[in-house]
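The first residue of the sequence shown is numbered 1, and numbering continues consecutively from there.
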Amino acid sequence: MEDYVYVLDYFPQGSGLSKREPTCYAIGELEFKLFELVLKKDVTVNLEDRVYIGKNSNLRKEIDRVKRRIGYSSLTNTAIMTLEYVVRNIITQDQKRFIRFYNESQPVGQRKHMLEELPGLGKKMMSDILAARSSSIFKDFEDLRSRVPTVKDPIKLIVKRILQELSENNLRRYIFVVRNEHQ
């Protein structure tokens, strides 16, 4: 369940068929669910704002209600452009959660390791990561970068994977994104 989301696009006059109420597109910070949200009267939001959508109505300062879950194909060009920055920000703000992937990922078969699911990470980089983490787990992304020089930007690798999981409907595994049953 998402409590906080980041605004990807904002429509002060509404969007789609509902031109009467101000809406925005947003992405959840825990499960990366995509939403169309209706704003409260006389409230505006900015791109990349973090807003509360949870059950406690007293904490909902900007959002009136969740209108619906949406898929990646429903996003506007602005939302798609904002998405990469927001996802990078989410990962950076919660390094402990995402470094865990590098520390705990396991093989998913005899020939493939979960680390290889990250676009741009091949067998050499995977071997380097596994060798480095065998002595001690990574404390954060800087620790990973310093101990595994072949990994220049570990955050970017996860960002690419999350964007792939959001935009493609036929992946075998979804590691970070909780899929919408209607996608």
Side-chain angles (χ1 to χ4, degrees), residues 1-102 117-121 141 152-183:
M1 175 93 168
E2 300 283 10
D3 282 334
Y4 287 93
V5 298
Y6 288 83
V7 176
L8 299 174
D9 202 353
Y10 168 56
F11 314 99
Q13 305 303 317
S15 68
L17 300 174
S18 62
K19 298 279 187 193
R20 298 180 302 274
E21 49 195 10
T23 59
C24 69
Y25 289 161
I27 185 168
E29 71 179 359
L30 291 179
E31 299 177 343
F32 298 103
K33 293 177 181 176
L34 298 170
F35 297 97
E36 181 176 2
L37 308 169
V38 176
L39 278 70
K40 289 186 175 186
K41 188 174 169 63
D42 299 323
V43 170
T44 60
V45 292
N46 296 304
L47 299 184
E48 301 182 36
D49 278 358
R50 182 178 184 255
V51 296
Y52 181 79
I53 64 165
K55 292 188 185 292
N56 186 338
S57 58
N58 294 332
L59 296 177
R60 280 195 184 193
K61 305 287 185 227
E62 303 88 358
I63 304 303
D64 180 47
R65 69 183 188 281
V66 174
K67 186 169 186 172
R68 65 186 175 119
R69 288 268 312 270
I70 59 173
Y72 183 87
S73 61
S74 297
L75 294 177
T76 61
N77 288 336
T78 299
I80 290 169
M81 288 175 26
T82 308
L83 188 60
E84 184 172 346
Y85 298 105
V86 167
V87 170
R88 180 174 270 283
N89 184 44
I90 291 169
I91 294 166
T92 303
Q93 296 299 314
D94 197 359
Q95 280 195 47
K96 200 173 182 181
R97 170 180 158 204
F98 291 98
I99 198 68
R100 192 176 316 127
F101 176 77
Y102 287 103
E117 294 286 336
L118 298 178
L121 194 146
F141 291 121
K152 306 262 187 275
D153 189 352
I155 295 173
K156 184 177 182 179
L157 296 172
I158 294 176
V159 169
K160 282 182 173 182
R161 179 60 192 201
I162 291 169
L163 295 176
Q164 182 181 36
E165 290 181 21
L166 286 168
S167 63
E168 295 180 24
N169 294 324
N170 57 351
L171 294 176
R172 183 177 233 173
R173 289 175 198 82
Y174 291 86
I175 303 165
F176 302 105
V177 174
V178 173
R179 297 292 295 163
N180 181 352
E181 56 280 350
H182 303 296
Q183 290 177 314

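Formation of a donor-acceptor pair under 3.5 Å by the Arg60 side chain with backbone atoms of Ile53 is found in this model. For the pair Glu62 (side chain) and Lys40 (backbone), a donor-acceptor distance under 3.5 Å is absent. Of the possible donor and acceptor atoms, none in the side chain of Tyr10 sits under 3.5 Å from a partner among the backbone N and O of Val7. Proximity of a side-chain donor or acceptor of Lys61 to a complementary backbone N or O of Tyr52 within less than 3.5 Å is not detected. Checked by atom type and distance alone, the side chain of Glu165 pairs as donor or acceptor with a backbone atom of Val177 at under 3.5 Å.
Annotation: side chain of Arg88 is in contact with side chain of Asp153 (closest heavy-atom distance under 4.5 Å). Under the 4.5 Å side-chain criterion, counting only non-hydrogen atoms from C-beta, Lys67 is not in contact with Leu37. Ile162 places none of its side-chain heavy atoms less than 4.5 Å from the side chain of Ile175. Side-chain atoms of Ser74 and Tyr72, non-hydrogen and from C-beta on, never get closer than 4.5 Å to each other. Using a 4.5 Å heavy-atom threshold, the side chains of Arg97 and Leu30 count as touching. Considering only heavy atoms from C-beta on, Leu83 comes within 4.5 Å of Ile27 through its side chain. Between Phe35 and Glu2, some side-chain heavy-atom pair lies under the 4.5 Å cut-off. When side chains are defined from C-beta on, Gln13 does not count as touching Arg20, because their heavy atoms never get closer than 4.5 Å.
Each of Phe176, Tyr4, Tyr6 was compared with Ile90 under the side chain to side chain contact (heavy atoms under 4.5 Å, CB included) criterion, and only Tyr6 meets it.
Going from atom OG of Ser57 over to atom CD1 of Ile63 covers 14.0 Å, rounded to the nearest 0.5 Å. Distance check, rounded to the nearest 0.5 Å: OG1 of Thr76 to CG of Asp9 gives 3.5 Å. To the nearest 0.5 Å, the span separating CG on Leu75 from CD on Glu36 amounts to 10.5 Å. Separating the OG1 atom in Thr82 from the CG atom in Asn77 is a distance of 10.5 Å, to the nearest 0.5 Å. Distance check, rounded to the nearest 0.5 Å: CG of Leu118 to CZ of Arg161 gives 7.5 Å. Interatomic distance, Gln93 CD to Ile91 CD1, rounded to the nearest 0.5 Å: 11.0 Å.
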What side-chain donor-acceptor pairs closer than 3.5 Å can you find for residues 41-51, not counting sequence neighbours?
| from | atom 1 | to | atom 2 | distance (Å) |
| --- | --- | --- | --- | --- |
| Asp49 | OD2 | Asn46 | N | 2.8 |
| Arg50 | NE | Glu29 | OE1 | 3.1 |
| Arg50 | NH2 | Glu29 | OE2 | 2.9 |

### Task
Go through the steps for Thr78 and Leu8 under the test side-chain contact (heavy atoms from CB on, under 4.5 Å), then give the verdict.
CA-CA 7 Å; Thr78 299; Leu8 299 174; over 6 Å; no

### Query
Which is it for Arg65 and Glu21 under the side-chain contact (heavy atoms from CB on, under 4.5 Å) test, yes or no, and what are the steps along the way?
CA-CA 11 Å; Arg65 69 183 188 281; Glu21 49 195 10; 2.9 Å; yes

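Between Tyr102 and Pro154 the shortest heavy-atom distance is OH-O, 2.7 Å. The two residues Gln164 and Glu117 make their nearest non-hydrogen contact at OE1-O, 4.2 Å. The nearest pair of heavy atoms linking Ala26 to Val5 is CB-CG2, 3.6 Å. Residues Pro22 and Pro12 share a closest heavy-atom pair of CB-O, 3.4 Å.
Annotation: Arg173, atom CZ; neighbour count of heavy atoms from other residues, nucleotides and ligands within 6.0 Å is above 12. More than 12 heavy atoms of other residues, nucleotides or ligands lie within 6.0 Å of CG in Asn56, so this atom counts as buried by the packing criterion. Surrounding CD of Glu84 are at most 12 heavy atoms belonging to other residues, nucleotides or ligands under 6.0 Å away.
Contacts of Phe11 classified as ring-ring contact (aromatic ring centres under 6.0 Å, His included), with partners at least two apart in sequence or in another chain: Tyr25.
Between Phe98 and Phe32, the ring planes are tilted. Angles from 30° to 60° get that label.
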